[in-house]
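Down below is the structure, laid out as C-alpha coordinates.
Letters A, B, ... mirror the listed sequences (proteins, then strands); counts begin at 1.
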Amino acid sequence: MRRDWFSKALLKWYAQHGRHDLPWKKPLSVYRVWVSEIMLQQTQVSTVIPYFARFMASFPSLESLANAPLDSVLQHWAGLGYYARARNLHKAAKCLVNDFAGIFPKDVTTLSSLPGIGLSTAGAIIAQAYNLRAPILDGNVKRVLCRFHGIKSWPGEKKVHDKLWELAEYHTPKQQAADYTQATMDLGATCCTRTKPSCELCPLQKHCAAFSQQSQAQCPGKKPRKKLPTKQLYMLCAQNQHGELLLQQRPLKGIWAGLWSLPEFTDESAIVPWLNEFLGTSGAKLTALSPILHTFTHYHLTILPRLITIRKKAIKSQSNLSWLNNDALAQRGLPAPIQKLIATIR
DNA sequence: AATTCGTGGAT
DNA sequence: TATCCAAGAAT
(Lines give C-alpha, C1' and ligand atoms only; values in the text may rest on other atoms or scores of the structure.)
Protein backbone atom coordinates (compact mmCIF):
# COMPACT_ATOMS: atom_id res chain seq x y z
CA MET A 1 0.00 0.00 0.00
CA ARG A 2 1.34 3.42 -1.00
CA ARG A 3 1.79 6.00 1.72
CA ASP A 4 -0.79 8.29 0.10
CA TRP A 5 -3.50 5.65 -0.26
CA PHE A 6 -5.03 6.68 3.07
CA SER A 7 -5.31 10.40 2.27
CA LYS A 8 -6.38 9.79 -1.34
CA ALA A 9 -9.22 7.51 -0.28
CA LEU A 10 -10.26 9.88 2.47
CA LEU A 11 -10.28 12.96 0.23
CA LYS A 12 -12.36 11.18 -2.37
CA TRP A 13 -14.88 10.18 0.32
CA TYR A 14 -14.90 13.71 1.74
CA ALA A 15 -15.83 15.30 -1.58
CA GLN A 16 -19.06 13.33 -1.58
CA HIS A 17 -19.86 12.64 2.06
CA GLY A 18 -18.07 15.31 4.09
CA ARG A 19 -19.70 18.11 6.06
CA HIS A 20 -19.33 21.12 3.80
CA ASP A 21 -21.82 23.41 5.52
CA LEU A 22 -20.22 24.05 8.89
CA PRO A 23 -20.80 27.69 9.90
CA TRP A 24 -17.14 28.49 10.66
CA LYS A 25 -16.21 27.60 7.08
CA LYS A 26 -18.43 30.19 5.45
CA PRO A 27 -17.10 32.74 5.44
CA LEU A 28 -13.70 31.30 6.23
CA SER A 29 -11.30 33.29 8.38
CA VAL A 30 -8.56 32.30 10.76
CA TYR A 31 -10.38 34.10 13.57
CA ARG A 32 -13.58 32.13 13.01
CA VAL A 33 -11.69 28.85 12.68
CA TRP A 34 -9.79 29.58 15.89
CA VAL A 35 -12.94 30.33 17.91
CA SER A 36 -14.66 27.25 16.52
CA GLU A 37 -11.70 25.00 17.34
CA ILE A 38 -11.65 26.20 20.95
CA MET A 39 -15.40 25.69 21.31
CA LEU A 40 -15.13 22.25 19.74
CA GLN A 41 -12.58 20.97 22.25
CA GLN A 42 -14.34 18.05 23.95
CA THR A 43 -17.63 19.36 22.61
CA GLN A 44 -19.80 18.11 19.78
CA VAL A 45 -20.62 20.12 16.67
CA SER A 46 -24.35 20.28 17.32
CA THR A 47 -23.74 21.76 20.77
CA VAL A 48 -21.31 24.35 19.47
CA ILE A 49 -23.31 25.75 16.55
CA PRO A 50 -25.71 28.03 18.49
CA TYR A 51 -22.92 29.23 20.79
CA PHE A 52 -20.74 30.01 17.79
CA ALA A 53 -23.50 32.06 16.17
CA ARG A 54 -24.11 34.15 19.29
CA PHE A 55 -20.39 34.58 19.87
CA MET A 56 -19.75 35.82 16.33
CA ALA A 57 -22.69 38.21 16.51
CA SER A 58 -21.19 39.84 19.62
CA PHE A 59 -17.48 39.46 18.82
CA PRO A 60 -17.20 39.53 15.02
CA SER A 61 -13.47 40.23 14.97
CA LEU A 62 -10.28 39.55 16.90
CA GLU A 63 -10.15 43.18 17.97
CA SER A 64 -13.72 43.19 19.27
CA LEU A 65 -12.94 40.12 21.34
CA ALA A 66 -9.70 41.57 22.70
CA ASN A 67 -11.50 44.78 23.71
CA ALA A 68 -14.45 43.02 25.36
CA PRO A 69 -14.69 42.61 29.14
CA LEU A 70 -13.96 39.09 30.35
CA ASP A 71 -17.37 38.96 32.04
CA SER A 72 -19.04 39.40 28.68
CA VAL A 73 -16.98 36.61 27.11
CA LEU A 74 -17.82 34.28 30.01
CA GLN A 75 -21.49 35.13 29.67
CA HIS A 76 -21.41 33.99 26.04
CA TRP A 77 -19.70 30.79 27.16
CA ALA A 78 -22.16 30.03 29.96
CA GLY A 79 -23.61 26.52 29.52
CA LEU A 80 -20.87 25.36 27.16
CA GLY A 81 -18.54 24.15 29.92
CA TYR A 82 -14.78 24.14 30.42
CA TYR A 83 -14.74 27.84 31.17
CA ALA A 84 -10.94 28.05 31.16
CA ARG A 85 -11.36 27.92 27.38
CA ALA A 86 -13.16 31.26 27.44
CA ARG A 87 -10.60 32.88 29.72
CA ASN A 88 -7.74 31.56 27.59
CA LEU A 89 -9.48 32.68 24.40
CA HIS A 90 -9.79 36.18 25.76
CA LYS A 91 -6.20 36.21 26.98
CA ALA A 92 -4.94 34.94 23.63
CA ALA A 93 -6.94 37.61 21.79
CA LYS A 94 -5.23 40.33 23.80
CA CYS A 95 -1.88 38.66 23.21
CA LEU A 96 -2.46 38.46 19.45
CA VAL A 97 -3.41 42.13 19.26
CA ASN A 98 -0.62 43.37 21.54
CA ASP A 99 2.28 41.08 20.67
CA PHE A 100 1.48 39.83 17.16
CA ALA A 101 0.05 42.97 15.58
CA GLY A 102 -3.28 41.18 15.25
CA ILE A 103 -1.82 38.58 12.88
CA PHE A 104 -2.18 34.86 13.64
CA PRO A 105 1.15 33.00 13.48
CA LYS A 106 1.36 30.52 10.61
CA ASP A 107 3.54 27.95 12.34
CA VAL A 108 2.36 25.36 14.82
CA THR A 109 5.04 26.07 17.41
CA THR A 110 4.30 29.77 17.76
CA LEU A 111 0.54 29.32 17.52
CA SER A 112 0.55 26.63 20.21
CA SER A 113 2.38 28.97 22.57
CA LEU A 114 -0.84 30.97 22.92
CA PRO A 115 -3.10 30.13 25.87
CA GLY A 116 -5.66 27.43 25.16
CA ILE A 117 -4.02 26.29 21.91
CA GLY A 118 -2.30 22.91 22.09
CA LEU A 119 -0.54 21.08 19.28
CA SER A 120 -3.65 19.52 17.78
CA THR A 121 -5.71 22.71 17.87
CA ALA A 122 -2.80 24.66 16.36
CA GLY A 123 -2.55 22.11 13.55
CA ALA A 124 -6.27 22.24 12.89
CA ILE A 125 -6.25 26.04 12.69
CA ILE A 126 -3.25 26.23 10.37
CA ALA A 127 -4.49 23.46 8.08
CA GLN A 128 -8.03 24.78 7.80
CA ALA A 129 -7.39 28.52 7.71
CA TYR A 130 -4.21 28.55 5.62
CA ASN A 131 -4.39 25.22 3.80
CA LEU A 132 -0.88 24.43 5.09
CA ARG A 133 0.22 20.91 5.94
CA ALA A 134 -0.19 20.31 9.67
CA PRO A 135 -1.14 17.03 11.32
CA ILE A 136 -3.81 16.94 14.01
CA LEU A 137 -4.61 14.36 16.65
CA ASP A 138 -8.03 14.80 18.18
CA GLY A 139 -10.41 12.17 19.44
CA ASN A 140 -11.75 11.40 15.98
CA VAL A 141 -8.33 10.96 14.42
CA LYS A 142 -7.15 8.83 17.33
CA ARG A 143 -10.09 6.49 16.85
CA VAL A 144 -9.67 6.29 13.07
CA LEU A 145 -5.93 5.65 13.34
CA CYS A 146 -6.31 3.10 16.12
CA ARG A 147 -8.80 1.12 14.10
CA PHE A 148 -6.98 1.42 10.79
CA HIS A 149 -3.77 0.18 12.40
CA GLY A 150 -5.43 -2.23 14.82
CA ILE A 151 -4.19 -0.48 17.96
CA LYS A 152 -6.07 -1.80 20.98
CA SER A 153 -4.22 0.00 23.75
CA TRP A 154 -5.41 3.21 25.40
CA PRO A 155 -4.21 6.42 23.67
CA GLY A 156 -3.72 8.04 27.09
CA GLU A 157 -0.50 6.04 27.47
CA LYS A 158 2.40 8.17 26.34
CA LYS A 159 3.90 5.47 24.15
CA VAL A 160 0.59 5.00 22.31
CA HIS A 161 0.02 8.74 22.05
CA ASP A 162 3.47 9.23 20.52
CA LYS A 163 2.84 6.43 18.05
CA LEU A 164 -0.46 8.00 17.00
CA TRP A 165 1.22 11.35 16.36
CA GLU A 166 3.76 9.52 14.23
CA LEU A 167 0.97 7.86 12.23
CA ALA A 168 -0.94 11.15 11.89
CA GLU A 169 2.23 12.75 10.56
CA TYR A 170 2.77 9.82 8.20
CA HIS A 171 -0.68 9.97 6.62
CA THR A 172 -1.06 13.75 6.31
CA PRO A 173 -0.61 14.80 2.67
CA LYS A 174 1.17 17.91 1.43
CA GLN A 175 -1.71 18.95 -0.81
CA GLN A 176 -5.29 19.73 0.20
CA ALA A 177 -4.37 20.18 3.84
CA ALA A 178 -7.65 21.87 4.74
CA ASP A 179 -9.88 19.27 3.12
CA TYR A 180 -7.83 16.39 4.49
CA THR A 181 -8.06 17.74 8.02
CA GLN A 182 -11.81 18.19 7.78
CA ALA A 183 -12.11 14.78 6.14
CA THR A 184 -10.40 12.95 9.01
CA MET A 185 -12.64 14.62 11.56
CA ASP A 186 -15.77 14.03 9.48
CA LEU A 187 -14.97 10.37 9.02
CA GLY A 188 -14.53 9.94 12.76
CA ALA A 189 -17.67 11.90 13.58
CA THR A 190 -20.05 10.44 11.01
CA CYS A 191 -18.66 7.08 9.85
CA CYS A 192 -15.96 5.68 12.12
CA THR A 193 -18.05 6.42 15.20
CA ARG A 194 -17.33 5.22 18.72
CA THR A 195 -20.12 2.68 18.69
CA LYS A 196 -21.66 1.00 15.65
CA PRO A 197 -19.28 2.35 13.00
CA SER A 198 -20.60 2.31 9.42
CA CYS A 199 -17.81 0.17 8.03
CA GLU A 200 -19.85 -0.68 4.94
CA LEU A 201 -19.64 2.98 3.93
CA CYS A 202 -16.03 3.56 4.97
CA PRO A 203 -13.46 4.51 2.31
CA LEU A 204 -10.68 2.95 4.40
CA GLN A 205 -12.31 -0.46 4.88
CA LYS A 206 -10.10 -2.25 2.33
CA HIS A 207 -6.95 -1.79 4.42
CA CYS A 208 -8.46 -1.36 7.87
CA ALA A 209 -6.89 -3.71 10.41
CA ALA A 210 -9.79 -3.51 12.84
CA PHE A 211 -12.30 -4.32 10.11
CA SER A 212 -10.34 -7.32 8.89
CA GLN A 213 -10.17 -8.64 12.47
CA GLN A 214 -13.65 -7.38 13.38
CA SER A 215 -12.05 -5.71 16.39
CA GLN A 216 -13.60 -2.25 15.93
CA ALA A 217 -15.07 -2.33 19.43
CA GLN A 218 -11.64 -2.99 20.96
CA CYS A 219 -9.90 -0.13 19.10
CA PRO A 220 -8.94 2.13 20.74
CA GLY A 221 -8.70 0.76 24.26
CA LYS A 222 -10.74 2.40 27.01
CA LYS A 223 -9.46 4.64 29.70
CA PRO A 224 -9.23 2.80 33.02
CA ARG A 225 -11.87 4.45 35.17
CA LYS A 226 -12.34 4.81 38.87
CA LYS A 227 -15.66 5.23 40.53
CA LEU A 228 -16.57 8.90 40.76
CA PRO A 229 -16.80 10.45 44.24
CA THR A 230 -19.99 12.25 45.28
CA LYS A 231 -20.01 15.70 46.84
CA GLN A 232 -22.89 17.51 48.51
CA LEU A 233 -23.48 21.24 48.70
CA TYR A 234 -26.24 23.46 50.03
CA MET A 235 -27.11 26.37 47.79
CA LEU A 236 -29.03 29.40 48.90
CA CYS A 237 -31.83 30.78 46.73
CA ALA A 238 -32.46 34.11 48.42
CA GLN A 239 -35.19 36.30 46.93
CA ASN A 240 -36.18 39.78 48.06
CA GLN A 241 -39.52 41.58 47.89
CA HIS A 242 -38.63 42.97 44.43
CA GLY A 243 -38.17 39.48 43.02
CA GLU A 244 -34.42 39.87 42.84
CA LEU A 245 -32.14 36.89 43.42
CA LEU A 246 -28.90 36.87 45.39
CA LEU A 247 -25.98 35.78 43.20
CA GLN A 248 -22.34 35.31 44.04
CA GLN A 249 -19.40 35.42 41.66
CA ARG A 250 -17.20 32.38 41.98
CA PRO A 251 -13.45 32.57 42.52
CA LEU A 252 -11.18 32.51 39.47
CA LYS A 253 -9.88 29.05 40.30
CA GLY A 254 -11.73 25.76 40.51
CA ILE A 255 -15.05 24.64 39.13
CA TRP A 256 -17.17 27.27 37.30
CA ALA A 257 -14.35 29.77 37.76
CA GLY A 258 -15.46 33.37 37.36
CA LEU A 259 -19.11 32.48 36.74
CA TRP A 260 -22.05 33.73 38.77
CA SER A 261 -23.72 31.15 40.97
CA LEU A 262 -25.69 30.81 44.19
CA PRO A 263 -23.98 31.16 47.58
CA GLU A 264 -22.93 27.67 48.62
CA PHE A 265 -22.43 25.97 51.97
CA THR A 266 -21.03 22.68 53.14
CA ASP A 267 -23.17 22.72 56.29
CA GLU A 268 -26.81 23.75 56.40
CA SER A 269 -26.32 25.22 59.86
CA ALA A 270 -23.96 27.83 58.42
CA ILE A 271 -26.64 29.47 56.24
CA VAL A 272 -28.57 31.50 58.83
CA PRO A 273 -25.46 32.94 60.54
CA TRP A 274 -24.14 33.81 57.07
CA LEU A 275 -27.37 35.63 56.22
CA ASN A 276 -27.10 37.58 59.46
CA GLU A 277 -23.54 38.59 58.72
CA PHE A 278 -23.85 39.58 55.07
CA LEU A 279 -27.43 40.79 54.86
CA GLY A 280 -28.26 41.69 58.45
CA THR A 281 -31.34 39.48 58.48
CA SER A 282 -32.82 37.85 61.54
CA GLY A 283 -35.39 35.15 62.12
CA ALA A 284 -34.88 33.73 58.66
CA LYS A 285 -36.73 30.56 57.74
CA LEU A 286 -35.45 28.23 55.01
CA THR A 287 -37.50 26.03 52.69
CA ALA A 288 -35.93 22.88 51.27
CA LEU A 289 -36.33 22.37 47.51
CA SER A 290 -35.78 19.08 45.70
CA PRO A 291 -32.14 18.05 45.39
CA ILE A 292 -30.47 18.39 42.00
CA LEU A 293 -28.01 15.80 40.71
CA HIS A 294 -25.24 16.97 38.44
CA THR A 295 -22.31 14.95 37.15
CA PHE A 296 -18.96 16.42 36.18
CA THR A 297 -16.14 14.59 34.47
CA HIS A 298 -14.54 13.82 37.81
CA TYR A 299 -17.31 13.77 40.46
CA HIS A 300 -21.05 13.66 41.13
CA LEU A 301 -22.54 16.72 42.77
CA THR A 302 -25.74 16.77 44.82
CA ILE A 303 -27.11 20.29 45.12
CA LEU A 304 -29.42 20.83 48.09
CA PRO A 305 -31.26 24.11 47.39
CA ARG A 306 -32.62 26.17 50.28
CA LEU A 307 -35.16 28.88 49.49
CA ILE A 308 -35.74 32.01 51.51
CA THR A 309 -37.57 35.29 50.94
CA ILE A 310 -36.26 38.30 52.80
CA ARG A 311 -36.50 42.08 52.78
CA LYS A 312 -33.82 43.64 50.63
CA LYS A 313 -30.99 45.06 52.65
CA ALA A 314 -27.62 46.50 51.77
CA ILE A 315 -25.04 43.82 51.09
CA LYS A 316 -22.03 43.91 53.33
CA SER A 317 -19.27 45.67 51.43
CA GLN A 318 -16.21 43.86 50.08
CA SER A 319 -18.33 40.87 49.11
CA ASN A 320 -18.84 39.33 45.68
CA LEU A 321 -22.60 39.26 46.17
CA SER A 322 -25.21 40.99 44.07
CA TRP A 323 -29.00 41.27 43.98
CA LEU A 324 -30.05 40.64 40.38
CA ASN A 325 -33.38 40.93 38.64
CA ASN A 326 -34.28 38.79 35.62
CA ASP A 327 -32.79 41.21 33.11
CA ALA A 328 -29.54 41.46 35.03
CA LEU A 329 -29.41 37.68 35.41
CA ALA A 330 -29.51 37.30 31.64
CA GLN A 331 -26.37 39.41 31.44
CA ARG A 332 -24.35 37.10 33.68
CA GLY A 333 -22.75 33.79 32.92
CA LEU A 334 -24.42 31.09 34.99
CA PRO A 335 -23.44 27.39 35.12
CA ALA A 336 -25.96 25.11 33.42
CA PRO A 337 -27.40 23.41 36.54
CA ILE A 338 -27.72 26.76 38.32
CA GLN A 339 -29.54 28.18 35.33
CA LYS A 340 -31.95 25.24 35.50
CA LEU A 341 -32.45 25.56 39.24
CA ILE A 342 -33.27 29.24 38.96
CA ALA A 343 -35.73 28.54 36.18
CA THR A 344 -37.72 26.30 38.55
CA ILE A 345 -38.32 29.10 41.06
CA ARG A 346 -39.20 31.84 38.56
C1' DA B 1 1.71 10.50 34.63
C1' DA B 2 -2.28 11.84 36.78
C1' DT B 3 -5.74 15.55 37.79
C1' DT B 4 -8.60 19.13 36.91
C1' DC B 5 -11.39 21.41 34.26
C1' DG B 6 -18.64 20.99 31.94
C1' DT B 7 -22.17 19.52 29.57
C1' DG B 8 -25.17 16.75 26.86
C1' DG B 9 -25.96 12.85 23.79
C1' DA B 10 -25.79 7.93 23.04
C1' DT B 11 -26.29 3.37 24.62
C1' DT C 1 -29.62 3.80 35.40
C1' DA C 2 -24.79 4.07 34.95
C1' DT C 3 -21.22 4.74 31.95
C1' DC C 4 -18.75 6.51 28.28
C1' DC C 5 -16.80 10.24 26.06
C1' DA C 6 -16.90 14.24 22.44
C1' DA C 7 -12.70 18.83 17.16
C1' DG C 8 -8.03 18.81 24.57
C1' DA C 9 -5.20 21.91 27.35
C1' DA C 10 -3.04 23.26 31.53
C1' DT C 11 -0.88 22.03 35.62
Taking only side-chain N and O atoms of A/T121, does any of them lie within less than 4.0 angstrom of OP1 or OP2 on C/dA9? yes

Output yes when at least one side-chain N/O atom of A/K196 is less than 4.0 Å from OP1 or OP2 of B/dA10, else no. no

Can you find a side chain N or O atom of A/H294 that sits less than 4.0 Å from OP1 or OP2 on B/dT7? yes

Scan A/Q128 against the nucleic acid and name what it touches under 4.0 Å (heavy atoms): base, sugar-phosphate only, or nothing. nothing

To the nearest angstrom, the CG-P distance between A/L301 and B/dT4 comes to 15 Å

Name the residue closer to the 5' end of DNA chain B, choosing between A/T297 and A/W154 according to the nucleotide with the nearest heavy atom. A/W154

Under 4.0 Å from OP1 or OP2 of C/dA7: is there any side-chain N or O of A/R143 that close? yes

How far, in whole Å, is C/dA9 from B/dG9 if one measures between their C1' atoms? 23 Å

Using a 4.0 Å heavy-atom cut-off, does A/V45 contact any base of the nucleic acid, only the sugar-phosphate backbone, or nothing at all? base

Examine C/dC4: is either OP1 or OP2 under 4.0 Å from a nitrogen or oxygen in the side chain of A/R225? Give yes or no. yes

Per nearest nucleotide of DNA chain B, the residue lying toward the 5' end, A/I255 or A/K226, is A/K226

With respect to the side chain of A/R194, which nucleotide from B/dT7, C/dA9, B/dA10 is positioned closest? B/dA10

So does A/R306 pair up with A/E264, basic N to acidic O under 4.0 Å? no

Nucleotide B/dT7, atom C1' - distance to NE2 of A/H298 in whole Å: 13 Å

Starting at NZ of A/K340 and ending at C1' of B/dG6, how long is that distance when rounded to a whole Å? 11 Å

Determine the Euclidean distance between corresponding C1' atoms of C/dT11 and B/dA1; express it in Å to zero decimal places. 12 Å

Touch class at under 4.0 angstrom, heavy-atom based, for A/T43 against every strand present: base

Rounded to the nearest angstrom, tell me the gap between atom CG in A/L80 and atom P in B/dC5. 17 Å

Tell me what A/L228 touches on the nucleic acid: a base, only sugar-phosphate, or nothing, going by heavy atoms under 4.0 Å. nothing

C1' atoms of C/dA6 and B/dG6, separation to the nearest Å: 12 Å

A/I345 side chain near A/L245 side chain, heavy-atom distance below 4.5 Å: yes

Write down the distance between CD (A/Q42) and P (C/dA9), rounded to a whole number of angstrom. 9 Å

Tell me: OH of A/Y83 to P of B/dT7, nearest whole Å? 4 Å

Using the ring of A/F211 (Phe, Tyr or Trp, six-membered ring only), decide whether A/R147 places NZ or CZ under 6.0 Å from its centre and within 45 degrees of its axis. no

Can you tell me, in whole Å, how much space there is between the P of C/dA7 and that of B/dT11? 14 Å

How close or far is atom P of C/dA9 from atom CZ of A/R87, stated in whole angstroms? 16 Å

What nucleic acid atoms does A/G254 come within less than 4.0 Å of, heavy atoms only: base, sugar-phosphate, or nothing? sugar-phosphate

Distance, rounded to the nearest Å, where A/K142 contributes NZ and C/dC5 contributes P: 12 Å

With heavy atoms under 4.0 Å as the rule, sort A/G79 into base, sugar-phosphate or nothing. sugar-phosphate

With sugar-phosphate meaning primed atoms plus P, OP1 and OP2, does A/A84 contact a base, only sugar-phosphate, or nothing at under 4.0 Å between heavy atoms? nothing

More 5' along DNA chain C: A/S36 or A/N88, using each one's nearest nucleotide? A/S36

For A/W77, report the nucleic acid contact type (base, sugar-phosphate, nothing); a contact means any heavy atom under 4.0 Å. nothing

Would you say that A/H294 contacts A/K340 through its side chain, given a criterion of any heavy-atom pair below 4.5 Å between the two side chains? no

Along DNA chain C (nearest heavy atom to each residue), the more 5'-positioned of A/G116 and A/L22: A/L22

Grab the two heavy atoms, one from A/L132 and one from A/A177, that are nearest each other, plus how far apart they are. O-CB, 3.2 Å

Just call it for A/L137: base, sugar-phosphate, or nothing, with non-hydrogen atoms closer than 4.0 Å on any strand. nothing

Pair A/F296 and A/W256, ring centroids less than 6.0 Å apart: yes

Of the listed nucleotides B/dT7, C/dG8, C/dA7, the one nearest the side chain of A/Y82: C/dG8

From the options A/R19, A/Q182, A/Q176, select the one residue that forms a side chain to side chain contact (heavy atoms under 4.5 Å, CB included) with A/Y14. A/Q182

